[in-house]
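As the structure is a prediction and not an experimental result, all values here were calculated from the model. Read the numbers this way: they start at 1 and go in the same order the structure lists the ligands and their atoms.
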Amino acid sequence: MSIFNELSELVIKGNIAGCKAKVQEAVDQGQDPTAILNEGLMPGINEIGDRFAKGQIFVPNVLLSAKAMNAGVEVIQPLLAGKGDTTIGTAVVATVKGDLHDIGKNLVALMMKSANLKVIDLGANVSGEKYIEAIKQYNPDVIGLSALLTTTMNEQGHIIQQLIDAGVRDQVKVMIGGAPVTQMWADRIGADAFTTDAAEAARWAKNYCTSKA
Ligand code: B1M
């Protein structure tokens with residue numbers, strides 16, 4: 001079994017300490033941190049999602065697997081994050097109100113940092129009011145709205161409307177993402193960008209900030 005398969009299995013089993021140790025082992029072997037994420041940790045959590053959807057496992061199992069994944073991500077985080085010597089722009093990121101899923105959002109934050117953006121992470125379950133406060137406080141170039149539930153996707157549209165009502169919509173580019181989100185949805189709610197993964201989100205934000213400069 002390859003080390004990536006072993007990592008997927010440890011995420012599936014929700015083995016937090018094991019996952020952390022195995023990621024460290026992979027790093028020590030010289031494995032590429034992006035491959036550790038994409039070929040080891042991600043397939044594990046995706047398999048958990050499939051099993052949950054089929055009713056084969058329940059929320060506590062999913063939670064343990066999420067913790068195992070997070071423990072693994074923590075190990076590679078310093079390797080993926082940028083050196084922070086130059087800042088090309090500022091991003092405010094969060095998962096929208098009603099939604100507690102934060103692994104994808106954390107990856108978006110991490111990849112944006114590695115693209116030399118200053119990132120303000122507001123956390124999960126974040127309301128439009130909090131975004132508006134953050135826009136006024138940090139004057140970001142972009143804001144990122146993550147949503148993992150078909151129900152909370154609506155909150156992305158609601159928040160954009162709140163930004164319009166508060167008169168701050170034109171100050172920022174609004175980026176949206178999350179597993180159920182599509183380009184069609186982005187067009188419908190008037191978001192500026194939809195990206196499918198964290199690396200693409202970071203690329204979009206970087207290109208925008210660089211073109212603005
Ligand atoms: Co939840 N959950 N969950 N869950 N969970 C899903 C999303 C689900 C698809 C599982 C399933 O049924 N197959 C399903 C949603 C169904 C739907 O709405 N269509 C679901 C459900 C139903 C629920 C609950 C309602 C379950 C319940 O209580 N009965 C509940 C809701 C709680 C709430 O939020 N209010 C719930 C709870 C949980 C846990 C707390 C147990 C846990 C989250 C822990 C945590 O995040 N700290 C959890 C987990 C782990 C999952 C799955 C298994 C994995 C999500 C994940 O982290 N994936 C998920 C199934 C799945 O997605 N396969 C599932 C890895 C992560 C890296 O991917 O977040 O998609 P993702 O991010 C990607 C891209 O989407 C993108 O970049 C990342 C990749 O680089 N991206 C962006 C994300 N945000 C972006 C923002 C951007 C750009 C790109 O720009 C701003």
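Atom 11 (C) of ligand 1 is approached by the protein to below 4.0 angstrom, counting heavy atoms only. Put simply, atom 27 (C) of ligand 1 has protein non-hydrogen atoms near it, under 4.0 Å away. By the definition of a contact as any protein heavy atom under 4.0 Å away, atom 8 (C) of ligand 1 is not in contact. Within the 4.0 Å cut-off (strictly below), a protein heavy atom is located near atom 38 (C) of ligand 1.
Side-chain atoms of Asp102 never come within 3.5 Å of backbone atoms of Lys105 as a donor-acceptor pair (strictly under, hydrogens ignored). Panel note: side chain Gln156, backbone Val96; no donor-acceptor pair is recorded below 3.5 Å. Between the side chain of Ser2 and the main chain of Phe4, a donor-acceptor pair closer than 3.5 Å is present. Side-chain atoms of Asn116 do not come within 3.5 Å of backbone N or O of Ile88 as any donor-acceptor pair. Remark: side-chain polar atoms of Tyr138 are not paired, donor with acceptor, to backbone N or O of Glu133 under 3.5 angstrom. Side-chain N or O atoms of Thr95 include one that pairs as donor or acceptor with a backbone N or O of His101 at under 3.5 Å.
Residue Gly144 approaches ligand 1 through these ligand atoms, each under 4.0 Å from one of its heavy atoms: 91 (C). Each of the following atoms of ligand 1 lies closer than 4.0 Å to a heavy atom of Ala179: 70 (O), 75 (O). Set against the non-hydrogen atoms of Asp99, the atoms of ligand 1 under 4.0 Å away are 34 (O). Those atoms of ligand 1 with a heavy atom of Met175 less than 4.0 angstrom away are 91 (C). When each atom of ligand 1 is checked for a heavy atom of Asn46 under 4.0 Å away, the hits are 63 (N).
At least one N/O-N/O distance between Ser146 and ligand 1 falls below 3.5 Å. Considering both main-chain and side-chain atoms, Lys105 never comes within under 3.5 Å of ligand 1 through any nitrogen or oxygen pair.
Checked for salt-bridge contact, Arg169 and Asp192 meet the test: a charged N lies under 4.0 Å from a carboxylate O. The residues Lys22 and Glu6 are annotated as salt-bridged, a charged nitrogen and a carboxylate oxygen being separated by less than 4.0 angstrom. Ion pairing between Lys212 and Asp141 holds under the 4.0 Å rule for side-chain N and carboxylate O.
Taking 4.5 Å as the limit, some side-chain heavy atom of Gln77 sits within range of a side-chain heavy atom of Leu110. The closest side-chain heavy-atom distance from Met69 to Met42 is below 4.5 Å.
At a cut-off of 2.8 Å, measuring from atom 1 (Co) of ligand 1, the protein N, O or S atoms that fall short of it are His101 NE2, waters left aside.
Not a single heavy atom of Thr95 lies less than 4.0 angstrom from ligand 1. Taking a 4.0 Å cut-off on heavy atoms, Met42 registers as neighbouring ligand 1. Taking a 4.0 Å cut-off on heavy atoms, Pro180 fails to register as neighbouring ligand 1.
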- Where do Glu74 and Asn70 land on the side-chain hydrogen bond (donor to acceptor under 3.5 Å, both in side chains) test, with the steps shown first? CA-CA 6 Å; Glu74 262 174 36; Asn70 271 333; over 6 Å; no
- Task: Give the intermediate values and the outcome of side chain to side chain contact (heavy atoms under 4.5 Å, CB included) for residues Val92 and Ile135.
- Result: CA-CA 8 Å; Val92 165; Ile135 290 169; 5.9 Å; no
- Message: Test side chain to side chain contact (heavy atoms under 4.5 Å, CB included) on Phe52 and Asn61; report intermediate values, then the result.
- Response: CA-CA 9 Å; Phe52 179 72; Asn61 310 93; over 6 Å; no
- Message: Using the rule given for side-chain hydrogen bond (donor to acceptor under 3.5 Å, both in side chains), can you reason through Glu9 versus Asn5, listing the C-alpha separation, both sets of side-chain angles and the distance that settles it, and then say yes or no?
- Response: CA-CA 6 Å; Glu9 279 302 315; Asn5 290 339; over 6 Å; no
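Scanning all heavy atoms of the two residues, the minimum distance from Tyr131 to Val93 falls at OH-C, 4.4 Å. Nearest heavy-atom pair, Lys67 versus Ile16, reported as atom, atom and distance to 0.1 Å: CB-CD1, 3.7 Å.
The proximity of Thr195 to ligand 1, defined as any non-hydrogen pair under 4.0 Å, involves the side chain as well as the backbone. Contacts with ligand 1 closer than 4.0 Å are made by no heavy atom of Val181, backbone or side chain. Residue Leu107 touches ligand 1 through its side chain alone, judged by heavy-atom distances below 4.0 Å. With a 4.0 Å cut-off on non-hydrogen atoms, Leu145 touches ligand 1 through its backbone and not its side chain.
For atom 80 (O) of ligand 1, the closest non-hydrogen atom of the protein is Ala198 N, 2.9 Å. Among all non-hydrogen protein atoms, the one lying nearest atom 86 (C) of ligand 1 is Gly177 CA, 3.5 Å. For atom 45 (C) of ligand 1, the nearest non-hydrogen atom of the protein is Asp102 OD1, 3.4 Å. Scanning the protein heavy atoms around atom 40 (C) of ligand 1, the nearest turns out to be Leu63 CD1, 3.8 Å. With hydrogens left out, the protein atom closest to atom 44 (C) of ligand 1 is Ala66 CB, 3.7 Å, a heavy atom. Nearest protein heavy-atom neighbour of atom 73 (C) of ligand 1: Gly104 CA, 4.4 Å. Closest to atom 74 (C) of ligand 1, if we only count protein heavy atoms, is Thr196 O, 3.5 Å. Among all non-hydrogen protein atoms, the one lying nearest atom 35 (N) of ligand 1 is Gly98 O, 3.0 Å.
A donor and an acceptor atom, one from each side chain of Gln24 and Asp28, are located under 3.5 Å apart.
Here the CG-CE distance, from Asp99 to Met153, works out to 11.5 Å after rounding to the nearest 0.5 Å.
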